[in-house]
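Let me begin by presenting the structure, written as structure tokens, before commenting on it.
Just follow the structure's listing: the first ligand is 1, and inside any ligand the first atom is 1. Numbering of residues begins at 1 and proceeds along the displayed sequence.
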Amino acid sequence: MSDADIIIVGSGMGGATLAAGLKGSGLRVLVLERGQLLQDCPEARDAEAIYARGHFRPAETWLAPDGTRFNPGNFAYVGGNSKFYGGVLFRYRAEDFAPIEHLNGTTPGWPFPYETLAPFYERAEALYQVRGDASVDPTEPPHAGQYPHPPVPHEPAIADLDARLRKVGLHPAPLPLAIDLGRWRSRADTPWDGFPDTNGGKLDAESAALVHALSDPNITLRTGVQVRRIETDGTRVTGLLTSAGRLTAPRIVLAAGAVHTAALLLRSASEAHPNGLANSSDQVGRNFMNHNASAVLALSPRRNRCVYQKTLQFNDWYLRDGERPPLGNIQLLGRVTGPILASQTGLPKPLANLIASHAIDFYAMSEDLPDPESRVTVKGDDIVLDWRRSNWEAHLGLVAKLKETLKKAGFPIVLAKAFDRRTPSHQCGTARLGEDPATSVCDTFGKAHDLDNLYICDASLLPTSAAVNPSLTIAALALRQADHLKEAAQ
Ligand SMILES: Cc1cc2nc3c(=O)[nH]c(=O)nc-3n(C[C@H](O)[C@H](O)[C@H](O)COP(=O)(O)OP(=O)(O)OC[C@H]3O[C@@H](n4cnc5c(N)ncnc54)[C@H](O)[C@@H]3O)c2cc1C
């Protein structure tokens with residue numbers, strides 16, 4: 001007797017949303033998660049504990065290609081990385097599904113157009129109760145209706161910023177957010193980006209999707225269970241070797257995140273699959289993308305009295321920059337405070353406090369293009385991450401353009417710092433979907449080309465990173481896969 005009809009490995013954005021999509025299907029679903037439920041504690045709203053002391057960071061280390069060990073900000077709790085996310089739930093723009101010429105290369109496009117995913121985006125927005133306004137951003141793709149809820153209101157300094165940006169010719173719009181502001185603030189008055197959700201104020205993979213899924217008695221969650229290896233008979237997965245013993249199901253879904261899913265496939269190499277599972281294309285672990293992203297601090301004599309701040313974005317340079325190819329998206333970061341700035345820059349605390357109190361901080365994000373040499377590999381028990389940034393010229397262009405524009409908008413000093421491999425927040429692409437088994441790992445529903453009963457349902461599937469946050473696209477793909485699995489089971 002197998003342990004379930006479907007085992008899902010990982011309870012993050014992909015795994016939990018898939019479980020929610022399977023609710024009510026009658027299928028017995030078992031979700032395995034290596035982490036535990038994130039319990040409320042004083043540190044959950046303490047910037048110093050989170051940023052300076054790394055209270056919630058896993059002990060895990062990965063290797064850089066030169067053998068240096070680093071501790072990635074890749075979280076292991078029920079809900080995965082989404083427990084810490086900024087709740088920004090963007091749709092990819094319609095143009096992102098076709099090949100795009102960038103400053104340093106061309107993206108391959110997707111095997112289907114935006115319209116294929118649009119109904120699933122809509123369902124994902126309903127599940128995550130997204131707040132937004134689809135009528136403001138000129139790059140917004142077609143929506144069948146409005147967002148489920150109106151946008152999270154700007155704080156006064158951000159309403160002022162919105163007016164300043166409009167004056168210099170930009171088109172700022174509300175960030176689409178999975179945040180119940182009242183509930184979030186009822187726990188403590190802090191930003192939410194980077195802070196873990198413990199009261200359901202942030203609609204994340206656990207609080208929005210998994211809780212919903214687990215109301216179905218056929219769906220169960222086991223925490224603290226790490227999947228170590230996948231067994232096959234050559235054409236089908238026959239079992240999972242886990243820290244809690246061997247588990248079996250007729251269908252297995254890997255949703256362990258783009259780095260761990262690839263590592264698991266590579267670690268499961270066998271005589272029948274010498275290069276790792278699902279890897280006849282040699283694409284597993286390749287095409288690792290992570291966005292080129294920088295924190296940009298705009299300083300002015302005005303004090304920034306915002307608490308949460310993260311409500312505005314603009315895409316004026318997303319599709320083109322005049323005659324130039326795309327540069328990327330700009331959105332606000334969660335409010336930088338003295339402890340956060342001191343921990344990230346080494347500045348003395350009094351100076352960090354002073355700068356933070358006069359700063360509005362932005363997140364500048366450019367597309368990272370798929371590169372087969374940018375990859376995850378395994379070495380014994382270790383994960384090696386060789387991230388080759390691409391399209392860097394576009395990112396430098398984006399940051400320069402933002403600096404110039406913010407100066408015009410009344411921020412005389414603008415500082416920028418790029419994020420590096422220790423922040424793999426937007427990791428994706430390592431088991432991409434596609435129609436051609438020679439160049440992709442999974443079909444367009446996420447089924448591995450090489451194995452009859454193995455699926456992938458996380459950021460690994462994304463064939464391009466676009467230049468917007470990935471979670472809603474992961475969730476939309478998961479809901480699409482849920483429908484496919486329900487049909488296949490009939
Ligand atoms: C600070 C921060 C802010 C972010 N902000 C945003 C945002 O505003 N908007 C947005 O769209 N995205 C954001 N992201 C990114 C977003 O969280 C990820 O893109 C998303 O969670 C990825 O979903 P996933 O299903 O691929 O993987 P994950 O959510 O990482 O889930 C993978 C799960 O699998 C588990 N797992 C791994 N290996 C195993 C194993 N061997 N056995 C069992 N379980 C395993 C992990 O513990 C984890 O729970 C942010 C990320 C971070 C870190």
Side-chain angles (χ1 to χ4, degrees), residues 7-18 31-38 50-51 56-58 60 72-92 124 128 130 175-179 191-196 202 204-206 209-210 221-230 240-244 247 253-265 267-268 290-291 293 310 313 331-334 363 365 383 419 422-431 456-462 465-466 468-475 477-478:
I7 293 181
I8 302 174
V9 180
S11 66
M13 206 66 197
T17 310
L18 175 64
V31 182
L32 302 177
E33 168 56 52
R34 67 176 171 153
Q36 298 292 348
L37 269 170
L38 204 155
I50 296 168
Y51 288 92
F56 296 98
R57 279 176 98 95
E60 170 175 16
N74 186 54
F75 297 94
Y77 291 95
V78 175
N81 280 296
S82 77
K83 288 310 290 177
F84 293 82
Y85 80 163
V88 176
L89 290 186
F90 264 116
R91 297 183 183 199
Y92 272 28
Y128 286 90
V130 182
L175 265 174
L177 287 167
I179 298 293
W192 55 76
D193 195 4
F195 287 65
K202 183 150 66 174
D204 56 45
E206 188 244 333
L210 200 60
L221 166 72
R222 285 182 68 181
T223 60
V225 179
Q226 174 139 21
V227 176
R228 297 187 172 133
R229 192 179 161 80
I230 305 162
L240 295 177
L241 301 187
T242 83
S243 55
L247 298 171
V253 182
L254 301 185
V259 169
H260 279 285
T261 284
L264 203 45
L265 291 169
R267 276 196 190 117
S268 302
N290 185 35
H291 283 149
K310 195 177 176 72
Q313 62 93 15
Q331 59 189 255
L332 289 170
L333 274 170
Y363 187 56
M365 179 174 17
I383 288 176
F419 291 99
R422 288 167 299 175
T423 311
S425 311
H426 292 181
Q427 57 184 274
C428 65
T430 52
I456 291 175
C457 187
D458 59 23
S460 319
L461 290 176
L462 304 181
S465 67
V468 290
N469 320 53
S471 289
L472 192 75
T473 301
I474 299 167
L477 286 172

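Taking any N or O of Asn74, backbone or side chain, none lies under 3.5 Å from an N or O belonging to ligand 1. Polar contact check, Gly15 against ligand 1: no nitrogen or oxygen pair lies under 3.5 Å apart. For Leu472, no nitrogen or oxygen atom sits less than 3.5 Å from a nitrogen or oxygen atom of ligand 1, counting backbone and side chain alike.
The side-chain heavy atoms of Pro470 and Cys428, taken from C-beta on, include no pair separated by under 4.5 Å. A 4.5 Å side-chain heavy-atom check between Leu462 and Leu477 finds at least one atom pair inside the cut-off. At least one side-chain heavy atom of Asn74 sits less than 4.5 Å from a side-chain heavy atom of His260. With a 4.5 Å cut-off on side-chain heavy atoms, Phe75 and Leu38 do not count as touching.
The nearest heavy-atom contact from the protein to atom 26 (O) of ligand 1 is Ala459 N, 2.9 Å. With respect to atom 36 (N) of ligand 1, the closest heavy atom belonging to the protein is Arg34 NE, 3.6 Å. The protein heavy-atom contact nearest to atom 50 (C) of ligand 1 is Tyr85 CB, 3.6 Å. Among all protein heavy atoms, the one lying closest to atom 15 (C) of ligand 1 is Ser425 O, 3.2 Å. If you check which protein heavy atom lies closest to atom 30 (O) of ligand 1, you get Asn81 ND2, 2.7 Å. Given atom 23 (O) of ligand 1, the protein heavy atom at minimum distance is Met13 CB, 3.3 Å. Scanning all protein heavy atoms for the shortest distance to atom 35 (C) of ligand 1 gives Glu33 OE1, 3.4 Å. Residue, atom and distance of the protein heavy atom nearest to atom 9 (N) of ligand 1 are Val88 O, 2.8 Å.
Judged purely by atom type and a 3.5 angstrom limit, Lys310 has no side-chain atom pairing as donor or acceptor with the backbone of Leu177. Distance alone, capped at 3.5 Å, places no donor-acceptor pair between the Asp204 side chain and the Lys83 backbone. For the pair His426 (side chain) and Val468 (backbone), a donor-acceptor distance under 3.5 Å is absent.
Of all atoms in ligand 1, listed by their number and element, those nearer than 4.0 Å to a heavy atom of Ala76 are 47 (O). Interface atoms of ligand 1 facing Val225, defined by a heavy-atom separation under 4.0 Å, are 42 (N), 43 (C). Residue-ligand proximity, Ala255 to ligand 1, at heavy-atom distances under 4.0 Å covers atoms 32 (C), 33 (C), 34 (O). Counting atoms of ligand 1 from 1 in the listed order, those under 4.0 Å from a heavy atom of Gly10 are 33 (C), 34 (O), 35 (C). Residue contact check: Asn469 has heavy atoms under 4.0 Å from atoms 7 (C), 8 (O), 9 (N), 10 (C), 11 (O) of ligand 1. Remark: ligand 1 atoms within the under-4.0 Å shell around heavy atoms of Val9 are 42 (N), 43 (C). Atom numbering of ligand 1 starts at 1 in the shown order; those under 4.0 Å from a heavy atom of Tyr77 are 49 (O). The contact set between ligand 1 and His260, taken as ligand atoms under 4.0 Å from a residue heavy atom, comprises 37 (C), 38 (N).
The closest approach between any non-hydrogen atom of Thr242 and ligand 1 is not below 4.0 Å. Residue contact annotation: Val78 has no non-hydrogen atom under 4.0 Å from ligand 1.
If you check each of Ser471, Gly35, Gly257, Pro58 against atom 18 (C) of ligand 1, the one with the closest non-hydrogen atom is Ser471. Heavy-atom proximity to atom 42 (N) of ligand 1, evaluated over Val227, Leu89, Asp204, is greatest for Val227. The nearest non-hydrogen atom to atom 1 (C) of ligand 1, considering only Phe84, Phe195, Phe90, Phe75, comes from Phe84.
Nearest heavy-atom pair across Asn290 and Thr423 is ND2-O, 3.2 Å. The minimum heavy-atom distance between Tyr85 and Ala178, with the atom names listed, is OH-CB, 3.7 Å. The shortest heavy-atom contact between Ala255 and Cys457 is CB-O, 3.3 Å.
Contacts with ligand 1 closer than 4.0 Å are made by side-chain heavy atoms of His426 only, the backbone lying farther away. Residue contacts with ligand 1, taken as heavy atom pairs separated by less than 4.0 Å, involve Ile474 solely via side-chain atoms from C-beta onward.
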Next on the checklist: Test side chain to side chain contact (heavy atoms under 4.5 Å, CB included) on Glu206 and Ser11; report intermediate values, then the result.
Outcome noted: CA-CA 7 Å; Glu206 188 244 333; Ser11 66; over 6 Å; no
Item to check | Full working for side-chain hydrogen bond (donor to acceptor under 3.5 Å, both in side chains) between Ser471 and Asn469 | outcome: CA-CA 6 Å; Ser471 289; Asn469 320 53; over 6 Å; no
Next on the checklist: With side chain to side chain contact (heavy atoms under 4.5 Å, CB included) as the criterion, how do Ile383 and Arg267 come out once you've worked through the C-alpha distance, each side chain's angles and the decisive distance to 0.1 Å?
Outcome noted: CA-CA 10 Å; Ile383 288 176; Arg267 276 196 190 117; 3.7 Å; yes
Checklist entry - For Ile230 and Leu264, what are the C-alpha separation, side-chain angles and deciding distance, and is it a side chain to side chain contact (heavy atoms under 4.5 Å, CB included)? => result CA-CA 8 Å; Ile230 305 162; Leu264 203 45; 4.0 Å; yes
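Ring orientation note: the planes of Phe84 and Tyr77 are tilted relative to one another, at an angle of 30° to 60°.
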